[in-house]
Amino acid sequence: VIADAIAGFKRLQRLPVCALTGTDEHGLKIERAAREAGLTPQELADRYAAEFQRTWEEMELKFDAFIRTTEPRHTVAVTELARRIKEKGHIYLGEYSGNYCVSCEAYAPEGEKNCPDCGRPTEFMKEESYFFKLSAFQERLLRFYESHPDFVLPVSRMNEIVSFVRSGLRDVSISRTSFRWGIPLPDDPEHIFYVWFDALTGYLSGVGFGTDPAAFAERWPADVQLIGKDILRFHAVYWPAFLMAAGLEPPRHILVNGWWTVEGEKMSKSRGNFITARDLLSKFPPDYIKYFLLREIPIGGDGDFSWEAFVNRCNSDLANDFGNLVNRTLKMIENYSGGVIPEKGDDEGGDVELIRFSRETVELYKEQFDRLQINRALETVWELVAAVNRYLVANEPWALARESSKRTRLNTVLFNTAETIRLITVLVSPVLRRGARAVLEQLGIGGEVDRLGPEDLKWGVLKPGTRLGKVDVVYPRLDLDVVRASDSPSEGRSSLGEAPTGEEKPRIAIDDFAKIDMRVGRVISAERIPKSKKLLKLMVDIGDEVRQVVAGIGEAYSPESLTGRLVVLVANLQPVRLMGVESNGMIVAATVGDRPVLATFQEEVPPGARLK
RNA sequence: CGCGGGGUGGAGCAGUCCGGUAGCUCGUUGGGCUCAUAACCCAAAGGUCGGAGGUUCAAAUCCUCCCCCCGCAACCA
């Protein structure tokens, strides 16, 4: 949405624009998801790509280029980029080692003893891998940052990156042999390019690198690449280093955006509170959604989506201020001027003031948009909207209409109002495509938003005598109660959170189950482990002995509520130290949302009894 | 002492670097207008600026200590 708004703003000024987006379709996750869905990876990727494209279309986002990493031209680009880097001697064959989860076939992040996906213990593994000599680029990167202090925006993110690079860089692995779904290295096809190397190159392949040198020369380097804060390091460190190594220019800016929360909470599957673009599109026209997203938070920060805030913002700004202004004005032109834009007379003080303010608004808007302060730019436009509403009240055209001697004055006021509305509409057209189209049509000047240009950003373009189109409400008000009633971000899911639709585990033999020693235990004592958020140290009586176990249930249960309680304990797990405390077993609990709920018995059971 | 962000009228925020009438949007209340989408315009009410101490003629702003909230990280055997 941000990229589209920026692109639209540049197009409005008739500047050359190439807005590129795409999908990253290689890697283990797709390979696995496809297998589970009974599809080939390509089929699955096709589905995703179609889904994304449809969403953009419905959102009325206009991209000039779209790259899928499974396209042949992308393979060409990746291969070529790697060739150039290798030619300069920045790639070497080494050994990658780390904690590997066999069942997921993936390495856990450094320091993780357990797989972040399935929670199973990982094994230390080594494999051959090609490495990129990132360590050799530390100084060059730091010099680059110094000479381009606004490379990463906002600056706080730039600082974060500088201090990260200062603390030292290690070479990064760029190939894997543990999966096949990807682009093989040309010189050693056993190796597949690791997803980051592959995906980042999409910025190049999408504009013709290796396939269309003329287009590439024209379009690279990118002026701005938009990312979320979770992938900052790849874009601000690895990416410019890859490019430098290949003798290419880094992008001019990396614009880092924050995350959205919903009603103050993180969006997550387990909370069942995530809202997709499609959820919103099924309820609201794209203008409302885009306006809220762009107006509500400054780029770079985190934002919170709440239905109340959404409805308030849209009603207040789109329906009440702007939409209603358009409607009241055009209705007056219909009633007092026969539905035709009138010829204006001489301007008075208030008129001159309005025109001056309009021009200032255009300048300020451009300035703020250029600084990527889109929320500010919109705010600026709405100050003009308010000024026009005030202008109407000050001049009371409805009163002028009652006296035939005030005819000329009335025409002047109506013209000035209509013209300022036209200007406002042009200003918001990069964001509010649908509304802009509607307003321009109602003004009788055609709704071709894509044809707008810099000449439309001047005051005084509207031609007297223009016949209005059909006047209708542009932005209907939303009703919070209705929205709430149909609000179902978690529609189809239990209010307790998503049921474990998750991965089916493979069938096992009874013997496998018999390996697990589960017993009834009674909690004798429970206390919090210092400095930990959810760990409790429990002493559990399991009949013949008292076990010390550590359980991650401290957020859902207080220590006091646990003493005396019957629990189910897995007694033959390997001991482990958690936050320095030894644990000799595991308390069995269901996971509901992200809360544990302890398993227990309705009838009295003696501690030590075995479960099977 | 893990890293970071934050606590300002009912809600969400700005102001804090560079001390000096506490501002914005929404909401509330009263009024105006009647062209308009219960919309628009005007006005008012409403704040111990998390707490305590200190510096200063003067502190939301500077210093010290404390409390609380939210992310991330470490842990959910």
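Each chain gets a letter, A, B and so on, in the order the sequences are listed, and its residues count up from 1. Reckoned from all heavy atoms, side chains included, excluding hydrogens, waters and symmetry mates.
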### Task
Can you see which heavy atom on A:Ser525 is nearest to which on A:Thr563, and at what distance?
CA-CG2, 3.6 Å
Decide if atom [atom1] of [X] counts as having more than 12 heavy atoms of other residues, nucleotides or ligands within a radius under 6.0 Å.
X	atom1	answer
A:Arg409	CZ	yes
A:Glu545	CD	yes
A:Arg547	CZ	yes

#### Entry: Where RNA chain B forms stems, i.e. three or more consecutive Watson-Crick or G-U pairs with both distances under 3.5 Å
B:2-7 with B:67-72, B:10-13 with B:23-26, B:28-32 with B:40-44, B:50-54 with B:62-66
Short N/O separations, protein against nucleotides 6-12 of chain B, under 3.5 angstrom:
none

Any salt bridge between [X] and [Y], counting N to O under 4.0 Å?
X	Y	answer
A:Glu419	A:Arg422	yes
A:Arg371	A:Glu367	yes
A:Glu353	A:Arg390	no

### Summary
Protein heavy-atom contacts under 4.0 Å, written 5' to 3' over nucleotides 28-36 of chain B as B (base), S (sugar-phosphate only) or - (none), form the string -----SSBB
### Query
Tell me, do A:Trp398 and A:Arg328 make a side-chain contact under 4.5 Å, heavy atoms counted?
yes
On a whole-Å scale, what distance lies between the [atom1] atoms belonging to [N] and [M]?
N	M	atom1	answer
B:G6	B:C63	P	15 Å
B:A59	B:C49	P	11 Å
B:U16	B:A74	C1'	33 Å
B:G7	B:A44	P	28 Å
B:C18	B:C24	P	26 Å
B:C68	B:G51	C1'	10 Å
B:U21	B:G4	C1'	35 Å
B:G50	B:C67	C1'	7 Å

### Query
Do the two ring centres, one from A:Phe310 and one from A:Phe284, sit under 6.0 Å apart?
yes
Taking [atom1] from [X] and [atom2] from [N], how many angstroms apart are they, rounded to a whole number?
X	N	atom1	atom2	answer
A:Ile421	B:U37	CD1	C1'	14 Å
A:Leu318	B:U37	CG	C1'	12 Å
A:Arg390	B:C42	CZ	C1'	11 Å
A:Tyr391	B:C40	OH	C1'	16 Å
A:Asn312	B:A39	CG	C1'	15 Å
A:Asn320	B:A39	CG	P	6 Å
A:Glu379	B:G23	CD	C1'	13 Å
A:Arg528	B:C75	CZ	P	19 Å

What contact category does [X] fall into here, base, sugar-phosphate, or nothing, at under 4.0 angstrom with non-hydrogen atoms?
X	value
A:Leu573	sugar-phosphate
A:Val550	sugar-phosphate
A:Ala401	nothing

### Query
For A:Leu598, does its backbone N or O pair with a side-chain atom of A:Tyr557 as donor and acceptor, under 3.5 Å?
yes
### Query
Just by modelled atom types, is the A:Glu60 backbone N or O under 3.5 Å from a matching donor or acceptor in the A:Lys290 side chain?
yes
#### Entry: Check against salt bridge (charged side-chain N to carboxylate O under 4.0 Å, His left out), A:Arg356 and A:Glu360
CA-CA 6 Å; A:Arg356 192 182 56 81; A:Glu360 283 172 9; 2.3 Å; yes
### Summary
On RNA chain B, more 5' by nearest nucleotide between A:Arg295 and A:Asp321 is A:Arg295
### Task
If the plane angle is over 60° it's perpendicular, under 30° parallel, otherwise tilted; pick one for A:Tyr288 and A:Tyr475.
perpendicular
### Message
Is A:Arg313 close enough to B:U25 that one of its side-chain N or O atoms is under 4.0 Å from OP1 or OP2 there?
### Response
no
